[in-house]
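For clarity, every value in this text was computed on a predicted model and none was experimentally measured. Sequence lines set the chain letters: A, B, ... in the order given, protein chains first and strands last, and positions in each chain run from 1. All values below come from the heavy atoms of this structure, side chains included, with hydrogens, waters and symmetry mates left out.
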Amino acid sequence: MAWTAKAGRAIPAGMKKGDHLFLVDGSGYIFRAYHALPPLNRKSDGLPTNAVLGFCNMVWKLMQDARNTNVGVVPTHFAVIFDYSSKTFRSDLYPEYKANRSAPPEDLIPQFGLIRQATVAFNLPCIEMEGFEADDIIATYSRLAREAGADATIISSDKDLMQLVGPTVGMYDPMKDRQIGIPEVIEKWGVPPEKMIDLQALTGDSVDNVPGVPGIGPKTAAQLLEQFGDLDGLLARASEIKQEKRRETIIANADKARISRELVTLKNDVPMKEGLDDLVLHEPDGPKLIGFLKTMEFTTLTRRVAEATATEIGDVQASAVTVERADTAHGPDVGAGAPPRQPIPESNGAAKPAVRGEDAPPQGDTPSLLSALRLEQGTARKIDPSAYTAIRDAATLKAWIAEAREAGALALDAETTSSDPMQADLVGVSIAIAPGRAAYVPLAHTSGNGDLLGGGLLENQIPVREALALLKPLLEDRSVLKIVQDMKYDIVVMSRHGIEVGPFDDTMLISYVLDAGTSGGHDLASLSEKWLGHAPAVKKELAGSGKNAIGFDQVDIERATKYAAEQADIALQLWQVLKPRLAAKGLVSVYERLERPLVPVLARMEQRGISVDRQILSRLSGELAQGAARAEEEIYGIVGERINIGSPKQLGDILFGKMGLPGGSKTKTGQWSTSAQLLEDLAAEGHELPRKIVDWRQLTKLKSTYTDALPGFINPGTNRVHTSYALAATTTGRLSSSDPNLQNIPVRTAEGRKIRTAFIAEKGHKLVSADYSQIELRVLAHVAEIPQLKQAFADGADIHAITASEMFNVPVEGMPSEVRRRAKAINFGIIYGISAFGLANQLSIPRDEAGAYIKRYFERFPGIRDYIEETKAYAREHGFVETIFGRRIHYPEIRSSNPSIRAFNERASINARLQGTAADIIRRAMVHMEEALDKAKLSARMLLQVHDELIFETVDEEVEATLPVVRKVMENAPMPAVSMSVPLHVDARAANNWDEAH
DNA sequence: ACAGAAGCTTA
DNA sequence: GTAAGCTTCTGTT
């Protein structure tokens, strides 16, 4: 640690190669600390000090880290830089610069001065300069350090400073403990540091009021700079930009871009009083620093500093003395680092298996006995990760394989580098043959310091190809059951390695069939806690999370073995507990017909993916950006200030505070509601602003959620988008889709539908869309046995018109659309477990009027009231409802004494029978579909499911033959398990894109 | 970095 | 009034 006497300024040879200058962005840090930390007031007089404490902790930690760690970053020079005032030369350039800054919060103001005092107390130079921002001073010192051959680290995460990053200048974000170098800048912004100025000139900055070019965000800016080199190149050749609107805005806003560039360019020749020599880092002066900290009443930090500097706290004067614990100040280890770690206490007592109140006691029949016995065994057994072994040679693996064959069943778990099975590289495989007898086969663990060529593969691992060749016959052996938690993931991964794993049982799906709706998820950790009373190792603790995560391939093999083998062991033990319960509860056929066979079907759909046209999305994105920018300007014009329109809080303040519009409801946190519904109502009353806000929201929603996000999901290997379907995520039996969610692609508005045109068929192919018409109402007509509805569906009539006709005694012929609309809302209301409140909301009518509608409806369709009452009674009695195929959906809270919770569960259970039955029907269709297409010698492939719709891709020539097969399979899906008393109807169409096919 | 609220998209 | 997932903002560690 450099410990240099302050050199006289007359001697210039201060900083040299090897030195390292730390530049703390004091002003930036003050705001972050203030907002990140809870309010804190000095006990003796209530002086606000949270930002001061945050600042002191950060500086102290930085100084400690710097001298302790071996990362090689040891500061020899150190400065804390502040803004002098908000008025700088930039205000002369552009009067609006930072003009929208509001005054700092009341309780932050006194802390500015205190933080400067703190800096002095730390014996650090405290630097500011009138007319310049802290950023300019940092730029100046960075340059001086570079020219002296020294390194510099800027302590900040402000993007405005990233233009300074270079080979010898880095940044460090102390709050996230993250280094920012050239690669990180490129990763975050898509351009190297030297192009950050041009990027910011294009994007602008709403916080600082730098205009930029409207509608150009970081993604577009990076792409343009890539294409044209720099801002000048771009402006000179703007006429070459392909996208019409973008070209026009850039040409029109060239001046804004130029002035923005001036604003964001940091001045690196600020005439500083203090030279580099004045920034030499000095040892903190213990008593001086402790005096300050005591004055601030920071007891913990005072104690730490006292320990590290061997200062006796009692010897130090403070203006406001606090009672200090007497156990400090004994250690002599100056600069020896952080205080000794407290030993972590042993985790508290053994977890107990949750006993499930809903479970019936053993009945005496075999399945119930077995299931009770297994449960007892499961909870009694210990799980001991130290007993697991790593299989590191072919001979051992062969022995395990032989043992598994003998057993006839094994649990399996693939370890990979990614949660996306389409991108995951196989790292290892774990297997379990009997409870506690589990092993891990590491295949591709690396030392973590391998180069890009894949070096660093650890020794004593069976080569992937060899291990998979040995495992393949076992994994494909029809006489050996494979037990897996979440089989779909493993199927996708293993099939990419040419292995078709089967037959299998999936513990996640068994749990889902048994316990959908009961508290707790169906993931392995939840199930292990619930059934085995054991909390398994957590992957995050091995591999980290977020930005700091490492691949599982970099986890050391010993730790990986404990984790991975345990996963397989738990899956096996869960299977032993859960599988017998299926038979005990009569749920085997639900599992075997609706769940298990769907797994490979969905795995294939996910692997196929769907083709998405990048150009269409990028064009749409540009259009949306411009539309949004236009709306934004109009809104600013009306409001008179540049608020953040995306902030409901600010929006509420403006609309209902400043502008005095009649505020409707408040949200549960007490904020004004700014929902679309409410804004529409205001617009209907003739207000101009709410309409524009609704428009802006639509445009930005479409842009951020769809046109900007979807291209990022295009798999570079397949050039298609592969969603992930969750089989056990909903309570009702529906699937869900994520990463990306392809079940909520817009369709209602013309603008939104354009996004569907980007989902396209391959050349020479068509997309086929087949969707069930009114499936939930048909299910309702069937289960509630409503004669009029059954007849209407049998006749192929307009169901909402018939409903209206029955209710209001008006003929279907010439019916006003408003009458039909109300009947339609009631029909949907029934499916959702109707309430007068909800119907009133939906139709914007008074609640008693809605109540009268419902009453009338029940008079005309008494069977529906009976159905609703039966469902509620059944759910209350059993704690679950069932679909017509026997799927159970639990509502444990239906007996709640809280009326609103109870009512909610009643509505949900009414809906679940209908939604769940519809979900079962389409599941059956999906399970039957592949064989039917195969039999008809058709090559159509199922790609997507959207609850009541299936999307296929097929060659042009087979379109006509495919449509009737698809329709038939879907319409007959309930058969032969159930014969419905209402026909199902499917509409199917083919086109080049999803919009036209739907 | 993460969690919750608000808002919006779908069936 | 049912069932989902994603983005942005906001507050906090």
Between atom [atom1] in [X] and atom [atom2] in [N], what is the gap in whole Å?
| X | N | atom1 | atom2 | value |
| --- | --- | --- | --- | --- |
| A/Ile693 | B/dG7 | CD1 | P | 12 Å |
| A/Lys703 | B/dT9 | NZ | P | 16 Å |
| A/Trp672 | B/dA6 | CH2 | P | 15 Å |
| A/Ile830 | B/dA11 | CD1 | P | 21 Å |
| A/Lys701 | C/dG5 | NZ | P | 14 Å |
| A/Asn827 | C/dT2 | CG | C1' | 15 Å |
| A/His947 | C/dT2 | NE2 | P | 16 Å |
| A/Lys666 | B/dA5 | NZ | P | 18 Å |

A/Tyr29 and A/Gly54: which non-hydrogen atoms are nearest, and at how many Å?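 What the structure gives for the nearest pair is OH-O, 3.2 Å.
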Compare every heavy atom of A/Leu699 with every heavy atom of A/Gly627, then report the nearest pair and how far apart it is.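 Closest pair (atom of A/Gly627, atom of A/Leu699, distance): C-CD1, 3.5 Å.
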What is the nucleic acid contact for [X], judged by heavy atoms within less than 4.0 Å: base, sugar-phosphate only, or nothing?
| X | result |
| --- | --- |
| A/Gln671 | nothing |
| A/Gly646 | sugar-phosphate |
| A/Ala825 | base |
| A/Ile831 | nothing |
| A/Ser736 | sugar-phosphate |
| A/Ser737 | sugar-phosphate |

Below the 4.0 Å mark, does [N] have OP1 or OP2 next to a side-chain nitrogen or oxygen of [X]?
| X | N | value |
| --- | --- | --- |
| A/Arg734 | C/dA3 | no |
| A/Thr667 | B/dA5 | no |
| A/Ser647 | C/dT8 | no |
| A/Thr674 | B/dG7 | yes |
| A/Ser545 | B/dC2 | yes |
| A/Asn741 | C/dA4 | no |

Given side-chain contact (heavy atoms from CB on, under 4.5 Å), test A/Gln743 with A/Thr723 step by step and report yes or no. CA-CA 10 Å; A/Gln743 290 180 323; A/Thr723 184; over 6 Å; no
Looking at [X] and [Y], does any basic side-chain N land under 4.0 Å from a carboxylate oxygen?
| X | Y | value |
| --- | --- | --- |
| A/Asp653 | A/Lys649 | no |
| A/Glu996 | A/Arg989 | no |
| A/Glu632 | A/Arg642 | no |

In terms of side-chain heavy atoms of [X], which of [options] is nearest?
| X | options | value |
| --- | --- | --- |
| A/Thr669 | B/dA5, C/dT10, B/dG7 | B/dA5 |
| A/Thr732 | B/dT10, C/dA3, B/dA6 | C/dA3 |
| A/Ser738 | C/dA3, B/dT10, C/dC6 | C/dC6 |

Which donor-acceptor pairs under 3.5 Å do side chains of residues 829-850 of chain A form with protein atoms, sequence neighbours excluded?
| unit_1 | atom_1 | unit_2 | atom_2 | d |
| --- | --- | --- | --- | --- |
| A/Ser835 | OG | A/Gly838 | N | 3.0 |
| A/Glu849 | OE2 | A/Arg822 | NH1 | 3.4 |

With a 4.0 Å heavy-atom cut-off, tell me which residues in residues 704-714 of chain A come close to DNA chain C, sorted by residue number.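 Heavy-atom cutoff 4.0 Å gives A/Ser704, A/Thr705, A/Ala709.
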Could you identify which residues of residues 904-919 of chain A place a heavy atom less than 4.0 Å from some atom of DNA chain C, listed by residue number, or say none?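 The answer is A/Phe904, A/Arg907, A/Ala908, A/Asn911, A/Gln915.
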Residue-level proximity of residues 747-756 of chain A to DNA chain B when a heavy atom falls under 4.0 Å: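 Contacts with DNA chain B under 4.0 Å: A/Val747, A/Arg748.
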Validation: residues 706-714 of chain A side-chain donor-acceptor distances under 3.5 Å, sequence neighbours left out:
| unit_1 | atom_1 | unit_2 | atom_2 | d |
| --- | --- | --- | --- | --- |
| A/Tyr706 | OH | A/Asn744 | O | 2.6 |
| A/Thr707 | OG1 | A/Lys703 | O | 3.2 |
| A/Asp708 | OD1 | A/Ser621 | OG | 2.6 |
| A/Asp708 | OD2 | A/Lys703 | NZ | 2.8 |

Taking atom types as modelled, is there a side-chain donor on A/Glu776 or A/Asn911 under 3.5 Å from an acceptor on the other?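 Short answer, no.
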Hey, are A/Arg756 and A/Ser769 close enough side-chain-wise for a donor-acceptor pair under 3.5 Å?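 No, because no side-chain N or O of A/Ser769 sits under 3.5 Å from a partner of the opposite role on A/Arg756.
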Do you know which of A/Thr917, A/Thr732, A/Asp920 makes side-chain hydrogen bond (donor to acceptor under 3.5 Å, both in side chains) with A/Thr883?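 Of A/Thr917, A/Thr732, A/Asp920, side-chain hydrogen bond (donor to acceptor under 3.5 Å, both in side chains) with A/Thr883 is met by A/Asp920 alone.
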Any idea how A/Phe759 and A/Trp994 line up, ring-wise: parallel (<30°), tilted (30 to 60°), or perpendicular (>60°)?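 Because their plane-to-plane angle is over 60°, the rings of A/Phe759 and A/Trp994 count as perpendicular.
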What pairs with A/Arg865 under salt bridge (charged side-chain N to carboxylate O under 4.0 Å, His left out), at least two apart in sequence or on another chain?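 Applying salt bridge (charged side-chain N to carboxylate O under 4.0 Å, His left out) to A/Arg865 gives none.
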